[in-house]
Amino acid sequence: MIFAPGLFAGKTVLITGAGGGVGAATARLLHSLGATLALTDNNAKSLYTTATPLGCTSMLADITSVMACEEIIARTLQKHDRIDALINAAGVWTEGPTATATEADWSRCIDTNLKATFFMCARAIPALAGTRGTIVNLSSDAGIVGNAGAAIYSASKGGVTLLTKSLARELAPLGIRVNALCPSDIDTPMLAAQAKASPDPQAYTDRLLSLYPQGDQARFLSPDEVAAQIAFLLSPAAAGITGSAVRMDFGLTAGY
């Protein structure tokens, strides 16, 4: 996807999960297009790996805390005096039989994927209203259809998808657009960790790829591909798109 140089010049973009695969790729792309960035993550090493070469604001924080969400918004405004876009890219994966799921499994996944997304959005509304800004929430194919063995994760991402639709309706009078991007498996360290945690990593990967309609040509998305779609949703070219759950899954969910 080709974007005009300086597309986001003068715009301040806040990205959660900026140390992760998609968050980092999005930060690099938006920086190359002129955006001013404020980045946050709960992993110091990965956050600084992303932020240092870009010379941008970085904030180590645990966004499962509402107070942390409020502090991130306040620090971004203190530093940059505006927020034009919020990208909620922070997320964790949880899988396994529902019968043996624990409260800790539930809390970790729901708090990171859904609660944090809600409160980052909620606390950013006044600033985004001032710039007629944009929110992109990273959902998942599991936010469109249920995945067996991933009930907690599916619940968290399904919540993100409907949260996005609700916010789009609520915030439209303020000129704020809100969209969810729903990618399938992405070739990131998180996916590698999922495979490594299984009894047979290669079989785990092969099973995921077997679900795609491309057959032997099936592959995972790259972080850069997802970042490009996020940039599009932030751009003026997407001015008419709000309240959408944009599927980016090689047709994985097209049959549902």
Side-chain angles (χ1 to χ4, degrees), residues 1-3 17-30 32 46 49-50 87-101 105 109 112-113 136-161 164 179-235 237-238 241 244-256:
M1 189 176 294
I2 300 174
F3 299 101
V22 171
T26 302
R28 290 190 294 267
L29 176 58
L30 296 184
S32 74
S46 61
T49 297
T50 302
I87 301 167
N88 285 300
V92 296
W93 169 258
T94 298
E95 67 179 316
T98 299
T100 57
D105 295 331
C109 190
T112 302
N113 295 355
V136 176
N137 295 323
L138 199 66
S139 184
S140 167
D141 63 280
I144 302 292
V145 298
N147 287 350
I152 296 175
Y153 183 78
S154 296
S156 72
K157 291 301 188 177
V160 169
T161 299
T164 297
N179 289 292
L181 185 58
C182 302
S184 52
D185 304 293
I186 309 168
D187 189 8
T188 63
M190 186 168 80
L191 181 60
Q194 291 171 216
K196 186 176 181 180
S198 70
D200 186 337
Q202 188 59 54
Y204 183 94
T205 298
D206 291 344
R207 182 185 64 80
L208 291 180
L209 290 171
S210 73
L211 300 174
Y212 292 88
Q214 283 76 23
D216 291 343
Q217 302 301 311
R219 68 174 178 85
F220 299 133
L221 291 165
S222 74
D224 287 338
E225 288 173 321
V226 180
Q229 290 299 319
I230 291 173
F232 168 72
L233 290 172
L234 296 182
S235 74
I241 304 175
S244 292
V246 180
R247 302 188 189 203
M248 188 181 185
D249 62 9
F250 296 110
L252 179 66
T253 63
Y256 293 89

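In this chain, residues are counted from 1 in sequence order.
- Residue Phe250 is tested with Asp185, Leu221, Leu211 for a side chain to side chain contact (heavy atoms under 4.5 Å, CB included); the sole match is Leu221.
- Put simply, the side chain of Gln217 never gets that close to the backbone of Gln214: no donor and acceptor are under 3.5 Å apart.
- For the pair Ile186/Pro223, a side-chain contact is recorded, criterion being any heavy-atom separation below 4.5 Å from C-beta on.
- No side-chain heavy atom of Tyr153 sits less than 4.5 Å from a side-chain heavy atom of Val92.
- Between Asn147 and Val145, some side-chain heavy-atom pair lies under the 4.5 Å cut-off.
- The only option from Asp206, Thr205, Asp200 that meets the side chain to side chain donor-acceptor pair (under 3.5 Å) definition with Gln202 turns out to be Asp206.
- For the pair Ile241 and Leu233, the tightest heavy-atom approach, listed with the atom from each and the gap, is CG2-CD2, 4.2 Å.
- Taking the side chain as every heavy atom from C-beta outward, Gln194 and Leu191 approach each other to under 4.5 Å.
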- Evaluate the criterion side-chain contact (heavy atoms from CB on, under 4.5 Å) for residue pair Asn88 and Val160; output intermediate values, then yes/no. CA-CA 10 Å; Asn88 285 300; Val160 169; over 6 Å; no
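- Heavy-atom minimum distance, Tyr204 versus Ala195: CD2-CA, 3.6 Å.
- Put simply, the side chain of Ile87 reaches to within 4.5 Å of the side chain of Leu234, judged on heavy atoms.
- Scanning all heavy atoms of the two residues, the minimum distance from Asn113 to Ala90 falls at OD1-O, 4.3 Å.
- The backbone N or O of Ser244 lies less than 3.5 Å from a partner atom in the side chain of Asn179, making a donor-acceptor pair.
- Under a 3.5 Å cut-off, the side chain of Thr253 and the backbone N or O of Asp141 do not form any donor-acceptor pair.
- Summarising the geometry of Ala231 relative to Leu29, their closest heavy-atom pair is CB-CD2, 3.8 Å, with the distance given to 0.1 Å.
- Lys157 contributes no side-chain N or O that, together with a main-chain N or O of Ile144, makes up a donor-acceptor pair within less than 3.5 Å.
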- Derivation and outcome, side-chain contact (heavy atoms from CB on, under 4.5 Å), residues Thr26 and Val136: CA-CA 11 Å; Thr26 302; Val136 176; over 6 Å; no
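- Remark: the backbone N or O of Ala180 is not paired with any side-chain donor or acceptor of Ser139 at under 3.5 angstrom.
- Residue Cys182 is tested with Asp249, Leu252, Thr161, Val246 for a side chain to side chain contact (heavy atoms under 4.5 Å, CB included); the sole match is Thr161.
- Glu225 approaches Met248 most closely through the heavy-atom pair O-CE, 3.2 Å.
- When all heavy atoms are compared, the tightest approach of Phe232 to Ala238 is O-CB, 3.3 Å.
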